[in-house]
There are 2 protein chains.
Amino acid sequence: MAGMTDAQVAGLRERKKQRTRWALVDAALDLFLAKGYEATTIDEIVAAVDVSQRTFFRYFAGKEDIALSLLTGYDTLFIAALAERPPGEPPVVALRASLDVSLDAIRESDDADTARFRKLHRLIDGTPSVAAGQLRRFAETEQAAARILARRAGVDEVTDPRPHLVVAAFMSVVRVAYETCVRDEITEPAEVVPRVRGLVALAAETLPGAWSAVP
Amino acid sequence: MAGMTDAQVAGLRERKKQRTRWALVDAALDLFLAKGYEATTIDEIVAAVDVSQRTFFRYFAGKEDIALSLLTGYDTLFIAALAERPPGEPPVVALRASLDVSLDAIRESDDADTARFRKLHRLIDGTPSVAAGQLRRFAETEQAAARILARRAGVDEVTDPRPHLVVAAFMSVVRVAYETCVRDEITEPAEVVPRVRGLVALAAETLPGAWSAVP
DNA sequence: AAAGTTATGGCAGCTACTGACAAATGACAA
DNA sequence: TTGTCATTTGTCAGTAGCTGCCATAACTTT
């Protein structure tokens, strides 16, 4: 795959939109890293790409949105993969397999997306409002995943919270894994991916014992 | 306890500050519920209490902050309780005991705080930006709790992520519990508290099996 | 009662964000 | 090619969140 961000074949109009979209993202990430997230204004971003401010807000909901826009593709991939896992499979197995799909996508991204991934990880480190945006993304993905697992298991997600509990615990482990990467300034996809896998594996051996330990 | 929000004995100045602070909170919550969170402006809140907008921002960082300000006290209580648990205790036991402390505080709050609690729960339901603020609060509490558990266990929190994993999973269960309350419009502390305890107990029996199920 | 400390108010200003309308630009068919 | 249609873009005007600055008012202390 050449990354999920390019619009293979399409009309001139669509290609042009994608170009300005990613031009805005790249300009924003560069400015954020150069002079700080809060200190960067929308006006500076749109000036670098030479579009109007109004156009910016037609593409993105705000600064936080453009900063994290790279990751929405991987989230979508994760959810799509989860929806196609065989129904008989245990929840955690399905979640780990779907996570592997999105991690593979991160590792096999093209150069442009890899560069954006690195920049984003450097940005999140030391920018609380972007980190807060991350939390929102994880929560949305969690919601979608819980719905899928509940349907798979054939239970009503309103009366039975167990699918949601499993997904929440799983996603929180993934989140902690990414957070340790940010903290240790591990920005390379080739290093991030195995670390996330490793922490999920560690959680799988650690957490069951931690919960049941009631002396 | 008469709630953690009143300033027992103190100078006139301090008492006055607490009064305007909670007057602002109550005015804000009422306005948010009456005409919607986004539709309520800071100007309307300060007009109801008759202070200047500038003063508002000396008390609160913004709308999100004032909406969730009631809960910061309970968070502080949770962290303080966790810090005083005996060091030999297993992490999850310490976390559950500390959670009980903050849940007891919620149930034994005075009438004013109970009313605020109810309003806040009604507000979060259907107000995404306030719900997002909740996520940030939980993340901050998680950070603090992880640090305490790491010190207790005598491990370096940088090299050993296990304390953080346990706390993250635990806090995510608590968060899901609150979310189900909001979804089911359970606003009464007397109903919220047992439900949170129940979901934590359910997680304790469900999650270990879910993680280890690797056929 | 005076001096010192701290909270408040008023203002000026910046930035994020939105609605409405007009101009430009790509899409498509005759 | 040209004319028509749909969509995108720019401009403008306005609202609201938020901050720094300085003078004034209010409590505190001696």
Side-chain angles (χ1 to χ4, degrees), chain A residues 6-25 27-29 31-32 34-69 123 127-133 136, chain B residues 6-25 27-29 31-32 34-69 123 127-133 136:
Chain A
D6 46 358
Q8 306 295 15
V9 279
L12 168 61
R13 186 168 241 157
E14 195 59 30
R15 271 181 289 138
K16 216 169 178 181
K17 270 172 60 178
Q18 294 303 320
R19 242 192 308 149
T20 54
R21 178 185 169 83
W22 290 110
L24 281 169
V25 171
L29 287 177
L31 280 167
F32 291 159
K35 51 181 296 186
Y37 176 78
E38 311 288 358
T40 303
T41 66
I42 310 274
D43 284 330
E44 292 170 320
I45 299 172
V46 299
V49 184
D50 202 57
V51 293
S52 74
Q53 201 197 48
R54 198 68 188 80
T55 296
F56 176 94
F57 285 108
R58 288 198 179 96
Y59 281 91
F60 304 100
K63 273 161 79 169
E64 193 183 289
D65 185 33
I66 197 176
L68 296 168
S69 60
L123 174 64
T127 311
S129 51
V130 180
R136 254 195 29 224
Chain B
D6 47 358
Q8 308 295 9
V9 279
L12 168 60
R13 183 167 244 158
E14 195 60 29
R15 272 182 289 137
K16 218 171 176 180
K17 270 170 62 177
Q18 294 303 319
R19 241 192 308 147
T20 53
R21 177 186 170 82
W22 290 109
L24 281 169
V25 170
L29 287 177
L31 281 166
F32 290 160
K35 50 181 296 185
Y37 176 78
E38 311 288 358
T40 304
T41 66
I42 309 275
D43 284 330
E44 292 170 319
I45 299 172
V46 298
V49 184
D50 203 58
V51 294
S52 72
Q53 201 197 49
R54 198 66 190 81
T55 296
F56 175 94
F57 286 109
R58 287 198 179 93
Y59 282 91
F60 305 100
K63 273 163 75 171
E64 194 183 288
D65 186 33
I66 196 176
L68 295 167
S69 61
L123 174 64
T127 311
S129 51
V130 181
R136 253 195 29 222

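A, B, ... follow the sequence lines: proteins, then strands. Residue 1 opens every chain.
Using a 4.5 Å heavy-atom threshold, the side chains of A/F32 and A/I45 count as touching.
Distance, B/I42 CD1 to D/dT15 P: 17 Å, rounded to whole Å. Computed from coordinates, the B/L24 CG to C/dT8 P distance equals 10 Å when rounded to whole Å. Taking atom CD on A/Q53 and atom C1' on C/dA16, their separation rounds to 7 Å, with Å as the unit. Here the C1' atom of nucleotide C/dG26 and the CD atom of A/E14 are 12 Å apart, to the nearest Å. We find that CZ of B/F57 is positioned 14 Å from P of C/dG9, with the value rounded to whole Å. As rounded to whole Å, 15 Å separates atom P of C/dT15 from atom OH of A/Y37. Residue B/R58 contributes atom CZ, which lies 14 Å from atom P of D/dC22 at whole-angstrom precision. Going from atom CG of B/D43 over to atom C1' of C/dG10 covers 13 Å, rounded to whole Å.
Residue-to-nucleotide proximity on DNA chain D shows that, of B/L12 and B/E64, the 5′-proximal contact is made by B/E64. DNA chain C is contacted by both A/R54 and A/T40; A/T40 maps to the nucleotide lying nearer its 5′ end (nearest heavy atom per residue). Mapped onto DNA chain D by nearest heavy atom, A/D50 and B/F56 fall at different nucleotides, with A/D50 at the one closer to the 5' end.
Regarding contacts with the backbone of D/dG10, a side-chain N or O of A/T55 is found under 4.0 angstrom from either OP1 or OP2. Phosphate proximity of D/dT8 to A/K16: absent, as no side-chain N or O sits under 4.0 Å from OP1 or OP2. Dashed line: the shortest gap from a side-chain N or O of A/T41 to OP1 or OP2 of C/dT15 is not under 4.0 Å.
As judged by a 4.0 angstrom heavy-atom cut-off over every strand, B/Y59 is placed among residues touching the sugar-phosphate backbone only.
Applying side-chain contact (heavy atoms from CB on, under 4.5 Å) to B/Y37 and the options B/T127, B/L31, B/L29 leaves one that passes, B/T127.
In this model, no side-chain donor or acceptor of A/R13 finds a partner on the base of D/dT8 within 3.5 Å.
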Carefully, step by step, assess B/R21 and B/Q18 under the rule side-chain contact (heavy atoms from CB on, under 4.5 Å).
-> CA-CA 5 Å; B/R21 177 186 170 82; B/Q18 294 303 319; 4.0 Å; yes
From CA spacing to verdict: side chain to side chain donor-acceptor pair (under 3.5 Å), A/E38, A/S129 = CA-CA 9 Å; A/E38 311 288 358; A/S129 51; 3.1 Å; yes
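Counting all heavy atoms, side chain and backbone alike, B/D43 lies closest to B/V46 at O-CG2, 3.2 Å.
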